[in-house]
Amino acid sequence: MKNRIIFVSEINVLSEKVTSTHILTENIIYGLKKGGYNVCFIAICETDDAYANISKYYTDKVDDLYIVKSKFGNSDNKYKKLFYMFKGMLHLLNYKRLIPQKIKVDNNTVLVSHAPSLEAIFVCNEIMKQYLGLKYIQYWSDPIALSGIMPEQFNLKRKPFYLLEKNAYKKADEIVFGTKTLFEINSKLYPEFKRKMRFVDLAYLHNKKGYSQITENSSKFIYAGNYYSSIRNIKPLYDAFNELGGKYVLNIYGNGDINLTETPNVKIYGRVSPVELTKIESSYKNTISLLNYSCMQIPGKTFYQTGTNKIILVIVDGAHKNELTDSLLQYSRFVICSNNKEDIKAKITDISEIDKYECPKEILDKLSPESVSKSIIEYNCS
């Protein structure tokens with residue numbers, strides 16, 4: 001008999017505020033249902049608009065749906081969020097009031113939270129008080145203490161986030177990270193919890209279309225993502241396409257704080273809605289993922305199209321680019337190069353000569369939402 005899963009996560013749908021965390025949540029839930037699990041989704045939302053959208057979108061996608069309103073409020077300010085995190089930890093009674101009164105629980109029930117939302121963890125803490133003996137798995141797609149920085153940059157400013165994260169880890173039976181690099185750096189930062197830490201692969205998106213949808217020719221490439229100079233360096237990519245000239249074209253969708261002038265070889269479109277971007281991306285054979293130079297997090301978006309027949313060029317950067325390269329090479333799925341224009345030019349030329357990429361069955365099996373979701377649930381760290 002398959003486990004019953006109580007899955008708790010902050011979520012939004014059909015909105016400009018959809019994040020990678022939300023996309024991963026939807027994908028994991030899809031994988032769990034596809035794998036035959038009984039899923040109870042406790043969805044935490046920040047706005048009234050999200051509340052209405054979630055009810056409409058998820059009602060027929062899970063077995064039980066409970067929607068609760070966030071106590072953190074709708075703020076992008078990290079210090080305000082930090083204040084709410086500590087307030088939430090000290091006033092857990094607020095979360096006890098949010099929990100549905102009659103959650104179906106049996107001997108096979110597993111409780112799962114998806115962080116970085118600490119509210120999901122606060123809710124799970126209260127559920128465990130009411131239903132003693134539940135197995136509790138924390139899934140972290142973006143830990144908070146090292147978010148946006150390299151491990152060697154950890155300092156006193158990050159100590160509050162470290163303490164919050166450490167307190168959260170204490171509650172879990174298992175701690176699962178979205179990538180190998182996240183597991184490795186966090187097991188070093190929190191060695192006392194290493195025995196219950198592990199990682200799983202990130203799945204491709206279940207609703208992505210494959211090679212048959214491609215309409216753009218092989219000399220066109222797309223980069224979809226922000227390019228703020230504090231985290232990413234898009235200049236070598238921009239320069240590479242301009243120096244290649246001729247038939248090669250790069251289309252950029254995203255926001256940044258540097259002025260990129262449009263040229264015959266580089267078109268700038270700015271940020272578009274997630275729904276519109278999905279349609280645009282499906283038409284390209286060649287997609288580019290530019291990693292941050294500021295941290296060791298591999299963006300979830302890098303894996304979203306691994307189940308398609310697209311060519312995925314990953315540009316690695318930063319002090320730990322060799323470790324990132326080693327982590328990505330295990331998948332035998334990506335074309336990888338360093339973030340300098342000569343390396344990029346060489347890879348672009350090579351990629352444009354590939355007529356068609358056939359995604360191997362072993363990758364389709366390993367990185368499917370069903371396989372990855374099962375790996376989150378069915379494992380024993382002891």
Enquirer: Would you please say whether a donor-acceptor pair under 3.5 Å links the side chains of Thr181 and Gln297?
Expert: no

Enquirer: Would you check if the side chain of Ser55 reaches a backbone N or O of Ala52 as a donor-acceptor pair within less than 3.5 Å?
Expert: no

Enquirer: Go through it in stages, so that I can follow the logic: the residues are Tyr223 and Leu290, the test is side chain to side chain contact (heavy atoms under 4.5 Å, CB included), and I'd like the CA-CA distance, side-chain angles, deciding distance and then a yes or no.
Expert: CA-CA 8 Å; Tyr223 168 72; Leu290 174 61; 3.6 Å; yes

Enquirer: Return the minimal non-hydrogen interatomic distance between Arg198 and Ile137, and the atom names on each side.
Expert: NH2-CD1, 4.5 Å

Enquirer: Should Ile348 and Phe221 count as side-chain neighbours, where that means a heavy-atom distance under 4.5 Å?
Expert: yes

Enquirer: In Å, rounded to the nearest 0.5 Å, how long is the span from NZ of Lys310 to CD1 of Ile222?
Expert: 8.5 Å

Enquirer: Whether the side chain of Lys345 engages the backbone of Leu244 through a donor-acceptor N/O pair (distance < 3.5 Å, no angle test) should be reported.
Expert: no

Enquirer: Do the side chain of Ser373 and the main chain of Glu370 share a donor and acceptor less than 3.5 angstrom apart?
Expert: no

Enquirer: Could you pull out the closest heavy-atom pair between Pro360 and Tyr357, with the gap in Å?
Expert: CD-OH, 3.3 Å

Enquirer: Are Thr263 and Tyr238 linked by a side-chain donor-acceptor pair shorter than 3.5 Å?
Expert: no

Enquirer: Could you go through the ring-ring contact (aromatic ring centres under 6.0 Å, His included) check for Tyr248 and Phe241 one step at a time?
Expert: CA-CA 7 Å; Tyr248 299 104; Phe241 272 87; 7.1 Å; no

Enquirer: Listed by chain and number, what are the salt bridge (Lys or Arg N to Asp or Glu O under 4.0 Å) partners of Arg4, not counting sequence neighbours?
Expert: Asp64

Enquirer: After noting the C-alpha distance and the side-chain angles of Lys129 and Glu126, does the key distance pass the salt bridge (Lys or Arg N to Asp or Glu O under 4.0 Å) rule?
Expert: CA-CA 5 Å; Lys129 290 178 184 177; Glu126 291 305 306; 2.9 Å; yes

Enquirer: Does a salt bridge link Lys135 with Glu174, judged by any charged N lying under 4.0 Å from a carboxylate O?
Expert: yes

Enquirer: Given 3.5 Å as the limit, does a donor-acceptor pair link the side chain of Tyr293 with the main chain of Ser229, or not?
Expert: yes

Enquirer: So, His114 versus Thr21: side-chain donor-acceptor pair below 3.5 Å or not?
Expert: no

Enquirer: Of all residues at least two apart in sequence or in a different chain, which pass the side-chain contact (heavy atoms from CB on, under 4.5 Å) check with Asn322?
Expert: none

Enquirer: Atom NZ of residue position Lys61 - does it have more than 12 heavy atoms of other residues, nucleotides or ligands inside 6.0 Å?
Expert: yes

Enquirer: With distance as the sole criterion, is a donor-acceptor pair present between the side chains of Tyr136 and Ser113 under 3.5 Å?
Expert: yes

Enquirer: So does Asn255 get a backbone contact from the side chain of Asn226, meaning a donor-acceptor N/O pair under 3.5 Å?
Expert: yes

Enquirer: Between Pro116 and Asp142, what is the shortest heavy-atom contact and its length?
Expert: CB-O, 3.2 Å

Enquirer: Should Leu237 and Ile231 be counted in the same cluster of Ile, Leu, Val, Met, Phe, Trp and Tyr side chains packed under 4.5 Å apart?
Expert: no

Enquirer: Applying salt bridge (Lys or Arg N to Asp or Glu O under 4.0 Å), which residue pairs with at least one partner in residues 30-40 are found, sequence neighbours left out?
Expert: Lys33-Asp63

Enquirer: Considering only residues two or more places apart or on different chains, which pairs with a residue in residues 218-227 satisfy salt bridge (Lys or Arg N to Asp or Glu O under 4.0 Å)?
Expert: Glu216-Lys220

Enquirer: Going by salt bridge (Lys or Arg N to Asp or Glu O under 4.0 Å), name the pairs with one or both residues in residues 256-270, residues two or more places apart or in two chains.
Expert: none

Enquirer: Check this for me: does any side-chain nitrogen of one of Glu165 and Arg158 sit under 4.0 Å from a carboxylate oxygen of the other?
Expert: no

Enquirer: Tell me yes or no: between the side chains of Arg232 and Asn292, is some donor less than 3.5 Å from an acceptor?
Expert: yes

Enquirer: Is it true that a side-chain atom of Asn27 and a backbone atom of Ile23 form a donor plus acceptor pair closer than 3.5 Å?
Expert: no

Enquirer: Rounded to the nearest 0.5 Å, what separation is found between the NZ atom of Lys285 and the CD1 atom of Ile354?
Expert: 6.5 Å

Enquirer: Would the distance check show the side chain of Ser375 and the main-chain N or O of Ser371 forming a donor-acceptor pair, the cut-off being under 3.5 Å?
Expert: yes

Enquirer: Between the side chains of Thr25 and His22, is a donor N or O closer than 3.5 angstrom to an acceptor N or O?
Expert: no

Enquirer: Taking atom types as modelled, find out whether Asn340 and Asp343 have a side-chain donor-acceptor pair closer than 3.5 angstrom.
Expert: yes

Enquirer: I'd like to know if the side chain of Tyr227 pairs up with that of Asn233 as donor and acceptor (distance under 3.5 Å, no hydrogens or angles considered).
Expert: no

Enquirer: Is Glu378 paired with Lys2 through a side-chain N to carboxylate O contact shorter than 4.0 Å?
Expert: yes

Enquirer: Closest heavy-atom contact between Leu134 and Asp173?
Expert: O-OD2, 3.7 Å

Enquirer: If only side-chain N and O atoms count, and only distance matters, is there a donor-acceptor pair under 3.5 Å linking Tyr57 with Glu26?
Expert: yes

Enquirer: Is the side chain of Gln330 donor-acceptor paired with the backbone N or O of Ser327 at a distance under 3.5 Å, no angle test?
Expert: yes

Enquirer: On the six-membered ring of Tyr162, is Lys159 placed so that its NZ or CZ lies under 6.0 angstrom from the centre and within 45° of the ring axis?
Expert: yes

Enquirer: Are any side-chain N or O atoms of Thr59 and backbone N or O atoms of Lys56, one a donor and one an acceptor, separated by less than 3.5 Å?
Expert: no

Enquirer: State whether the number of non-hydrogen atoms from other residues, nucleotides or ligands found under 6.0 Å of Asn107 atom CG is greater than 12.
Expert: no

Enquirer: What salt bridge (Lys or Arg N to Asp or Glu O under 4.0 Å) pairs are there with at least one residue in residues 317-341, not counting sequence neighbours?
Expert: Glu243-Lys341

Enquirer: Would you name the heavy atoms of Ala172 and Ile175 that are closest together and state the gap between them?
Expert: CB-CG1, 3.9 Å

Enquirer: If I compare all heavy atoms of Ile280 with all of Ser283, which pair ends up nearest, and what's the gap?
Expert: O-OG, 2.7 Å

Enquirer: Evaluate the side-chain proximity of Tyr331 to Phe303: yes if any heavy-atom separation is below 4.5 Å, no if none is.
Expert: yes

Enquirer: Which of these passes ring pair (Phe, Tyr, Trp, His ring centres under 6.0 Å) with Trp140: Tyr169, Phe183, Tyr190?
Expert: Tyr169

